[in-house]
Chemist: 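Sharing a structure with you now.
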Amino acid sequence: MDWTSAQLRSLVELTRRGTITAVADALGYTPGGVSQQITALEKATGMRLLRRVGRRVELTDAGATLALHAERILTTEAEAVEALERTRNEISGTLRVGLFATAAAELLPPALRQVRERHPGVTVRSRDMDVDEVYDAVAGGTVDLALGLDYPDVPIPRDPSLRVMELSRERFSLAVPTGAMPGRADTSRTSGASDTSDRSGPRKVSLADTRELGWILPSVRSYYGRAVLTACRRAGFEPQVAHEVTDTAATLALVEAGVGVSVVTDLMLRLRPSRLDVLELSETMERHIVVVFRSFAEHRPTVAALVDVLRTSTGRRPDSCEELRAFTPGRSGISRYLTA
């Protein structure tokens with residue numbers, strides 16, 4: 001059959017996402033471009049692969065059959081790329097990386113600097129996406145690896161085809177308008193990367209102390225929203241959501257404006273200078289920054305090289321000798337860990 005990987009990927013993504021528009025968003029095409037890919041695939045196979053049902057489309061039996069095999073074809077193709085990379089004497093190639101806004105602003109730039117220094121033959125192409133979509137993007141082959149978030153209270157589903165590796169942990173604090181909780185403030189400060197305020201000796205505050213306050217939270221359909229809701233319910237109350245907001249900078253601006261409270265981490269606070277009070281929580285509420293990649297790609301030299309850099313730049317160290325061997329893209333990798 002005379003088809004292309006792009007055409008097969010469009011079909012596979014359609015089985016995952018259900019609409020042409022969603023596929024276009026995931027792959028970075030226009031909806032018209034996705035439709036053209038599917039039309040070309042129908043011409044190549046000589047069979048109808050989609051049918052319209054109202055305003056949606058669904059796969060025909062032939063389309064569903066081809067999609068199943070297309071996923072295998074794309075996996076085999078990715079494995080072939082990995083095998084070819086291992087035959088090179090130097091680490092080189094292009095990596096597609098998915099990441100969420102905070103990672104794009106704070107985590108990727110130092111990692112890219114290290115990649116240029118250590119592996120000049122590696123080219124990184126990044127795509128900003130919703131944090132809850134990065135796992136599907138990796139599973140579907142839209143990106144080679146992605147930075148994501150995992151919450152102990154609402155962990156992401158563990159797909160056996162994916163590896164989810166923890167890079168760092170962040171503990172949440174409570175962000176409230178300046179002076180909103182007198183006598184309890186950890187510090188009233190301008191958030192930012194250069195902040196050096198002293199947090200010693202604050203009185204801790206419980207999530208339950210916010211039961212009468214309005215909250216600024218993302219949708220409970222998100223992992224983050226569900227994680228906060230779970231923590232509040234464990235503390236014995238239902239948060240009063242005054243503003244449903246996904247963007248971190250917008251959340252900080254609303255807290256600063258005095259219209260509600262929210263939970264924050266140090267990394268989130270660096271996204272926007274804001275004058276607000278940051279209170280230490282008596283409850284332990286965390287999020288884990290993770291890197292996600294397909295299991296068969298863990299020994300792909302370019303993937304291993306970038307994972308190695310991300311672990312180093314976030315302060316993560318291997319937990320065992322086995323991890324050392326699994327994620328050393330070259331002989332110099334071991335010496336870097338042993339001399340760190």
Side-chain angles (χ1 to χ4, degrees), residues 1-85 93-100 104 123-148 156-157 159-164 221 291-297 300 302-303 306:
M1 293 289 184
D2 186 18
W3 53 47
T4 68
S5 297
Q7 293 163 5
L8 294 178
R9 194 172 305 285
S10 294
L11 184 66
V12 169
E13 285 298 317
L14 192 57
T15 66
R16 295 175 181 275
R17 304 180 186 277
T19 68
I20 295 291
T21 300
V23 173
D25 290 342
L27 298 180
Y29 299 149
T30 63
V34 173
S35 295
Q36 288 174 10
Q37 298 280 15
I38 300 298
T39 299
L41 195 54
E42 288 182 324
K43 289 181 179 178
T45 60
M47 303 185 74
R48 188 181 180 191
L49 304 177
L50 299 182
R51 59 171 163 260
R52 286 212 164 269
V53 181
R55 301 178 67 178
R56 295 173 58 87
V57 294
E58 67 178 22
L59 298 180
T60 63
D61 289 344
T65 299
L66 180 57
L68 177 63
H69 289 279
E71 192 156 7
R72 297 173 186 167
I73 292 169
L74 292 170
T75 297
T76 300
E77 182 182 89
E79 290 172 342
V81 170
E82 175 196 341
L84 286 172
E85 281 191 4
T94 299
L95 282 177
R96 300 162 300 159
V97 179
L99 65 164
F100 57 101
T123 300
V124 177
R125 299 280 183 256
S126 63
R127 285 189 56 192
D128 186 15
M129 55 182 61
D130 185 281
V131 67
D132 288 349
E133 294 180 356
V134 300
Y135 312 102
D136 284 343
V138 176
T142 304
V143 295
D144 298 303
L145 73 163
L147 287 166
I156 60 174
D159 186 328
S161 69
L162 301 180
R163 284 289 305 275
V164 179
R221 293 186 297 274
V291 59
V292 187
F293 48 92
R294 284 170 289 183
S295 299
F296 65 77
R300 180 177 165 186
T302 50
V303 171
L306 184 54

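For the numbers below, each heavy atom of this structure counts, side chains included, while hydrogens, waters and symmetry mates do not. Being a predicted model, the structure only gives us computed values, none of them experimental.
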Chemist: Got a sec, which residues hit side chain to side chain donor-acceptor pair (under 3.5 Å) with E133, two or more places apart in sequence or on another chain?
Modeler: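 Partners of E133 by the side chain to side chain donor-acceptor pair (under 3.5 Å) criterion come out as none, since no residue qualifies.
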Chemist: Under the side chain to side chain donor-acceptor pair (under 3.5 Å) test, which residues partner R72, sequence neighbours left out?
Modeler: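 In terms of side chain to side chain donor-acceptor pair (under 3.5 Å), with neighbours along the sequence ignored, R72 is linked to no residue.
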Chemist: Return the minimal non-hydrogen interatomic distance between L95 and T302, and the atom names on each side.
Modeler: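 Taking every non-hydrogen atom into account, CD1-O, 3.2 Å.
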Chemist: Looking only at non-hydrogen atoms, find the nearest pair between T4 and Q37 and report the distance.
Modeler: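 Residues T4 and Q37, closest heavy atoms: OG1-OE1, 4.4 Å.
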Chemist: Walk me through it: do F293 and L162 pass the test side-chain contact (heavy atoms from CB on, under 4.5 Å)?
Modeler: CA-CA 6 Å; F293 48 92; L162 301 180; over 6 Å; no
Chemist: In Å and rounded to the nearest 0.5 Å, what is the CD to OG1 distance from E58 to T60?
Modeler: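 Nearest 0.5 Å value for the CD-OG1 distance: 9.0 Å.
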Chemist: Does some side-chain heavy atom of V143 sit less than 4.5 Å from a side-chain heavy atom of V97?
Modeler: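 Of all side-chain heavy-atom pairs linking V143 with V97, none is under 4.5 Å.
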Chemist: Among all residues two or more places apart in sequence or in another chain, which pass the salt bridge (Lys or Arg N to Asp or Glu O under 4.0 Å) test with R96?
Modeler: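 In terms of salt bridge (Lys or Arg N to Asp or Glu O under 4.0 Å), with neighbours along the sequence ignored, R96 is linked to D144.
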Chemist: What residues form a salt bridge (Lys or Arg N to Asp or Glu O under 4.0 Å) with R48, not counting sequence neighbours?
Modeler: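 Salt bridge (Lys or Arg N to Asp or Glu O under 4.0 Å) list for R48, sorted by chain: empty.
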Chemist: Return the set of residues passing side chain to side chain contact (heavy atoms under 4.5 Å, CB included) with S161 (not counting sequence neighbours), or none when no residue passes.
Modeler: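 Side chain to side chain contact (heavy atoms under 4.5 Å, CB included) check on S161 returns D159.
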Chemist: Do L50 and L14 touch side chain to side chain, with heavy atoms closer than 4.5 Å?
Modeler: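 L50 vs L14: side chains touch.
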Chemist: Can you tell me how far CZ of R127 sits from CG of L27, rounded to the nearest 0.5 angstrom?
Modeler: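 With rounding to 0.5 Å, CG (L27) is 7.0 Å from CZ (R127).
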Chemist: Any side-chain heavy atom of R9 sitting closer than 4.5 Å to one from E71?
Modeler: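 Heavy-atom side-chain distance check fails, nothing below 4.5 Å.
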Chemist: Test of understanding: with salt bridge (Lys or Arg N to Asp or Glu O under 4.0 Å), list the residues that count as partners of E77, not counting sequence neighbours.
Modeler: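 Not a single residue meets the salt bridge (Lys or Arg N to Asp or Glu O under 4.0 Å) criterion with E77.
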Chemist: In residues 61-70, what donor-acceptor pairs under 3.5 Å come from side-chain atoms, sequence neighbours left out?
Modeler:
| residue | atom | partner | partner atom | Å |
| --- | --- | --- | --- | --- |
| T65 | OG1 | D61 | O | 2.9 |

Chemist: Can you name the side chain to side chain donor-acceptor pair (under 3.5 Å) partners of R17, sequence neighbours left out?
Modeler: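 If we apply the side chain to side chain donor-acceptor pair (under 3.5 Å) test to R17, skipping adjacent residues, the hits are E13.
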Chemist: Where do S35 and I20 come nearest, in terms of heavy atoms and distance?
Modeler: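 So the minimum-distance heavy-atom pair works out to OG-CG2, 3.9 Å.
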Chemist: For residues L145 and V292, determine if any side-chain heavy atom of one lies less than 4.5 Å from a side-chain heavy atom of the other.
Modeler: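 Heavy-atom side-chain distance check fails, nothing below 4.5 Å.
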Chemist: Can you name the side chain to side chain contact (heavy atoms under 4.5 Å, CB included) partners of F100, sequence neighbours left out?
Modeler: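 By the side chain to side chain contact (heavy atoms under 4.5 Å, CB included) rule, F100 matches T102, A103, V131, L147, L149.
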Chemist: Between CZ of R51 and CG of L59, what distance do you get to the nearest 0.5 Å?
Modeler: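 Nearest 0.5 Å value for the CZ-CG distance: 8.5 Å.
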Chemist: Kindly compute the distance separating CG (L41) from CH2 (W3), expressed to the nearest 0.5 Å.
Modeler: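 If I round to the nearest 0.5 Å, the distance is 7.0 Å.
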Chemist: Any idea which heavy atoms bring S295 and P160 closest together, and the distance?
Modeler: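 Shortest heavy-atom contact: OG-O, 3.3 Å.
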Chemist: Where do V34 and V23 land on the side-chain contact (heavy atoms from CB on, under 4.5 Å) test, with the steps shown first?
Modeler: CA-CA 7 Å; V34 173; V23 173; 3.8 Å; yes
Chemist: What's the separation between atom CD in Q7 and atom CD1 in I38, rounded to the nearest 0.5 Å?
Modeler: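 Nearest 0.5 Å value for the CD-CD1 distance: 8.5 Å.
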Chemist: Quick one, L99 and M129 - any side-chain contact, counting heavy atoms below 4.5 Å?
Modeler: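 L99 vs M129: side chains apart.
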Chemist: For R125, which residues count as a side chain to side chain contact (heavy atoms under 4.5 Å, CB included) partner, sequence neighbours excluded?
Modeler: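 For R125, the residues satisfying side chain to side chain contact (heavy atoms under 4.5 Å, CB included) (neighbours in sequence not counted) are T94, T123.
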Chemist: Closest approach of Y29 and S10, non-hydrogen atoms and distance?
Modeler: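 Smallest heavy-atom distance, with atoms named: CE1-OG, 4.0 Å.
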Chemist: By side chain to side chain contact (heavy atoms under 4.5 Å, CB included), which residues pair with T30, not counting sequence neighbours?
Modeler: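 Side chain to side chain contact (heavy atoms under 4.5 Å, CB included) list for T30, sorted by chain: empty.
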Chemist: Go through it in stages, so that I can follow the logic: the residues are T19 and V57, the test is side-chain contact (heavy atoms from CB on, under 4.5 Å), and I'd like the CA-CA distance, side-chain angles, deciding distance and then a yes or no.
Modeler: CA-CA 7 Å; T19 68; V57 294; over 6 Å; no
